[in-house]
Amino acid sequence: MKHTSKFNAAVAMAALCGLLLLPMMAHARPVSYPGGITVMAQKNDEVTSTHVHYSPTAKYSIGHRFEKHREDNFQLQAAQLNYLVNRWNKPDSQANLYFKTGLGGAYNDNGPGSNLAAFAGIAADWETRKYFVSYENRYLEAGKIASSFEQRARVGIAPYVAEYGSIHTWLMLEAKYNEKDEDPFTLTPLVRFFKGPALLEAGVSSSGSALLNFIYRY
Amino acid sequence: MKYIMTLIFSLTFAANALAAPAPEMTAGAYDAKGTLVNVEANGLVCDFCARAIEKVFMKRDEVSGVAVNLSDHLIQISLKDGQAMSDEQITKLITDSGYNVAGIERQTAENAAE
């Protein structure tokens, strides 16, 4: 019953995010605590996306991903599995290696219609309360509609170390490479604000596009 | 003489109470009559980690409150009066949440006053 109510709240939040065209998520841990629900929305230079996932255990999460690729003019709807391959916990740091995969459909209203879509990739991160480094990639195959391999990496530093419940601020730099994009390589300086269950990121890429990320963990 | 002894005892008790203020919980409330479990944990680096620990422990009937201190790598679990959780149970909950336990110590209402 508790989970049903949390799930309904998560769906409502996802719908709101969709309405706001805030897409979902990269560069945040894709697996939560047992029973946790996470809502993510992201908008970058090419893609608006949402990702809502539920973690039965701290080892994996299952969820739904939606992506609207504005430049390539197609949408992706997929079920996604995120698996924590390993975590390294130290007193002052944490590192993670994830495997992410999804299966669904890609739809192009103006072109070749629809196609089965699948994607897979890895994500790795290392962070302390002061420094952050991450890398992730994804290969997407949607036949006649899309086929791409994208890589992203980030470095970040917190100008001050905040206690739990206070506002945490991070200054980050994201590099993205996707040879299929109009601008294959972009750099995006961004600022991250993090407080309790909510995380918000905003930046502007070297191609002049805004980046917005929002994450809420129930 | 009896009055003086009573006064000394009262002052000593009050001094102890002032010296060990009730820990502030980040979720739930501290139960002064119950056991306080201090857990040193590895991997606590952000608010999502702290929230995860709070959520997992606050689901337990034995738990009155939880405090997470990222700087000290410390999780404090306030158990309700008359309730108990073993070290193994606590370790399993933290491990299942994705973190590691480095040490556990307990503080009861009795030994806190000593």
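In the text below, chain A, chain B and the rest are named by the order of the sequence lines, each starting its count at 1.
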Enquirer: Quick one, Cys49(B) and Gln94(A) - any side-chain contact, counting heavy atoms below 4.5 Å?
Expert: yes
Enquirer: Is Asp47(B) reaching over with its side chain to a backbone N or O of Lys195(A), donor-acceptor style, under 3.5 angstrom?
Expert: no
Enquirer: Going by the rule side chain to side chain contact (heavy atoms under 4.5 Å, CB included), which residues pair with Ala27(B) if we only count those two or more places apart in sequence or in a different chain?
Expert: Glu54(B), Met58(B)
Enquirer: Where along residues 69-80 of chain B does a heavy atom come under 4.5 Å of chain A, listed by residue number?
Expert: Asn69(B), Leu70(B), Ser71(B), His73(B)
Enquirer: Drop me the distance from Tyr164(A)'s OH to Arg51(B)'s CZ, to the nearest 0.5 angstrom.
Expert: 5.5 Å
Enquirer: Let me know if Ala198(A) has heavy atoms under 4.5 Å from chain B in its side chain, its backbone, both or neither.
Expert: backbone
Enquirer: Where does Asp92(A) contact chain B at under 4.5 Å (heavy atoms): side chain, backbone, both or neither?
Expert: both
Enquirer: Based on non-hydrogen pairs under 4.5 Å, which of Thr26(B), Ile53(B), Val45(B) is most in contact with chain A?
Expert: Val45(B)
Enquirer: Under 4.5 Å heavy-atom distance to chain B, tell me which part of Ser93(A) shows up: side chain, backbone, both or neither.
Expert: backbone
Enquirer: Going through the distances and angles, do Phe194(A) and Phe48(B) end up as a ring-ring contact (aromatic ring centres under 6.0 Å, His included)?
Expert: CA-CA 9 Å; Phe194(A) 191 177; Phe48(B) 280 171; 4.6 Å; yes
Enquirer: Among the options Lys59(A), Glu163(A), Lys130(A), pick out the one with the most heavy-atom pairs lying under 4.5 Å from chain B.
Expert: Glu163(A)
Enquirer: Using a heavy-atom cutoff of under 4.5 Å, enumerate the residues of residues 87-104 of chain B that contact chain A, numbered in order, or state 'none'.
Expert: Asp96(B), Ser97(B), Gly98(B), Tyr99(B), Asn100(B)
Enquirer: Tell me, for Arg129(A) versus chain B, whether the close heavy atoms (under 4.5 Å) come from the side chain, the backbone, both or neither.
Expert: both
Enquirer: Contact part of Ser55(A) toward chain B, heavy-atom cut-off under 4.5 Å: side chain, backbone, both or neither?
Expert: neither
Enquirer: List for me each residue that meets side chain to side chain contact (heavy atoms under 4.5 Å, CB included) alongside Tyr131(A), sequence neighbours excluded, and say none if there are none.
Expert: Trp126(A), Thr128(A), Ile157(A)
